[in-house]
S.K.: 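Below is one structure. I have some questions about it.
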Amino acid sequence: MREGMAFFTDIHWPLVGMMIFFGLFVMILFFQQKRYSNEDLRTIENLPFEGDEE
């Protein structure tokens, strides 16, 4: 176990990358939710599925 862990000395760089990834992920989710108004969501909810007849 110690021999394998000797190769992982720079653990801070993967942590920085993970923090950037999760930060961007949360920001994209937030902006995606703010993009649509309630009226737009109601319209999308009532759209028929592909192949459905009205």
S.K.: Sorted by first residue and then second, give each side chain to side chain donor-acceptor pair (under 3.5 Å) pair with at least one member in residues 10-38; sequence neighbours left out.
M.R.: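 Found Ser37-Asp40.
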S.K.: Tell me, please, which residues at least two apart from Asn46 pass side-chain hydrogen bond (donor to acceptor under 3.5 Å, both in side chains).
M.R.: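 Testing Asn46 for side-chain hydrogen bond (donor to acceptor under 3.5 Å, both in side chains), a comparison that skips the adjacent residues, returns none.
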S.K.: To the nearest 0.5 Å, tell me how far Met18 CE sits from Ile20 CD1.
M.R.: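 Those atoms lie 11.5 Å apart.
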S.K.: Within the 4.5 Å heavy-atom criterion, are Leu24 and Met27 side-chain neighbours or not?
M.R.: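 Touching, per the 4.5 Å side-chain cut-off.
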S.K.: Who clusters with Ile11? Use side-chain heavy atoms, under 4.5 angstrom, across I, L, V, M, F, W and Y, and order the result by chain and number.
M.R.: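 Under the 4.5 Å side-chain rule, Ile11 groups with nothing.
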